[in-house]
Amino acid sequence: QKEVEQDPGPLSVPEGAIVSLNCTYSNSAFQYFMWYRQYSRKGPELLMYTYSSGNKEDGRFTAQVDKSSKYISLFIRDSQPSDSATYLCAMNLGGGADGLTFGKGTHLIIQP
Amino acid sequence: NAGVTQTPKFRVLKTGQSMTLLCAQDMNHEYMYWYRQDPGMGLRLIHYSVGEGTTAKGEVPDGYNVSRLKKQNFLLGLESAAPSQTSVYFCASSTGVSGNTIYFGEGSWLTVV
């Protein structure tokens with residue numbers, strides 16, 4: 001069983017739609033959860049950062065963590081063609097030196 | 001506003017050749033990382049460093065060496081390149097505190113023929 005599971009897609013939706021991206025994980029000790037956005041031929045950039053369970057909102061983006069279900073989500077409202085990218089979930093135990101555990105990424109396409 | 005800078009951006013190597021990828025960060029971060037990203041495999045940690053003069057192995061360290069002689073630089077070396085090392089390499093850095101949010105460079109595309 002992989003530590004972090006993420007559907008690779010592609011996920012194609014029309015402009016203006018609400019997008020839901022998800023990851024499941026197996027290690028209940030994970031405490032910090034992040035979403036990265038990666039455009040083609042670019043490095044991942046941090047989009048959202050959440051500690052423990054709950055919701056966090058930033059503009060059109062909402063990150064949700066449900067630790068009891070080991071499930072995290074990223075919602076994008078009023079999706080734009082510029083949101084087309086690969087979205088990577090990531091998580092770690094907190095304070096660890098050995099980096100993050102990543103999902104493999106979901107390729108999102110917003111159709112104009 | 002440089003952040004994490006990687007050089008070179010593209011390189012083609014012949015099997016058996018050696019090379020070094022250079023990473024520089026200007027955020028005074030303690031922790032630095034080298035990842036590789038392959039289709040269907042996601043991002044995998046090669047080596048990391050928690051401070052100047054320290055290095056440690058990640059998930060896929062074989063065939064690579066690293067050095068952190070200065071806090072702002074983290075070098076990734078391939079002593080004898082193999083086709084299996086064809087990949088995109090990302091350097092990253094972080095403060096190492098509270099959740100350890102990591103910031104990535106733009107990537108180095110390496111092809112071994």
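Every chain is numbered from 1 and lettered A, B, ... according to where its sequence line falls, protein lines coming before strand lines. Everything numeric here is computed off the predicted structure, so don't read it as measured data.
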### Query
Relative to chain A, which segment of B:Gln37 carries a heavy atom at a distance below 4.5 Å: side chain, backbone, both, or neither?
side chain
### Query
So which of B:Gly40, B:Gly58, B:Ala92 has the biggest tally of heavy-atom pairs under 4.5 Å with chain A?
B:Gly40
### Message
As an exercise, state the distance from CG of A:Leu100 to OH of B:Tyr33, rounded to the nearest 0.5 Å.
### Response
7.0 Å
### Message
If hydrophobic clusters are built by linking Ile, Leu, Val, Met, Phe, Trp and Tyr wherever their side-chain heavy atoms come under 4.5 Å apart, do A:Tyr49 and A:Phe75 end up in the same one?
### Response
no
### Straight-line distance of B:Ser94 OG to A:Asn92 CG, nearest 0.5 Å
9.0 Å
### Message
Which atoms of A:Tyr51 are under 4.5 Å from chain B, going by heavy atoms: the side chain, the backbone, both sets, or neither?
### Response
neither
### Query
Got a sec: does the NZ of A:Lys42 have more than 12 other heavy atoms crowding it under 6.0 Å?
no
### Message
Can you confirm whether B:Ile102 sits close enough to A:Tyr36 that some side-chain heavy atom of one is under 4.5 Å from a side-chain heavy atom of the other?
### Response
yes
### Task
Check whether B:Leu75 and B:Val88 end up in the same hydrophobic cluster, where Ile, Leu, Val, Met, Phe, Trp and Tyr are linked by side-chain heavy atoms less than 4.5 Å apart.
no
### Task
May I ask whether A:Leu47 and A:Leu21 are part of the same hydrophobic cluster, defined by side-chain heavy atoms of I, L, V, M, F, W, Y residues being less than 4.5 angstrom apart, directly or through others?
yes
### Task
Take atom CD of A:Glu15 as the centre, draw a 6.0 Å sphere, and report whether it contains more than 12 heavy atoms from other residues, nucleotides or ligands.
yes
#### Entry: Within 6.0 angstrom of B:Lys9 NZ, more than 12 heavy atoms from elsewhere
yes
### Query
For the hydrophobic clusters of this structure (ILVMFWY residues joined by side-chain heavy atoms under 4.5 Å, transitively), does one cluster hold both B:Leu45 and B:Phe74?
no
### Message
Need one label for B:Phe10: side chain, backbone, both or neither, based on atoms under 4.5 Å from any heavy atom in chain A.
### Response
side chain
### Summary
Okay, A:Pro44 and chain B: the region with an atom under 4.5 Å from a heavy atom over there is both
### Task
Report yes if some heavy atom in the side chain of B:Trp109 is under 4.5 Å from a heavy atom in the side chain of A:Arg41; otherwise report no.
yes
### Task
Indicate if B:Tyr48 and A:Phe102 have the same hydrophobic cluster label, given that clusters are the connected sets of ILVMFWY residues with side-chain heavy-atom separations under 4.5 angstrom.
yes
### Summary
Value for NZ (A:Lys104) from CE (B:Met41), rounded to nearest 0.5 Å, stands at 6.0 Å
### Task
Decide yes or no on side-chain contact (heavy atoms from CB on, under 4.5 Å) for A:Gln38 and B:Phe90, but give the supporting numbers first.
CA-CA 12 Å; A:Gln38 185 175 22; B:Phe90 288 101; 3.4 Å; yes
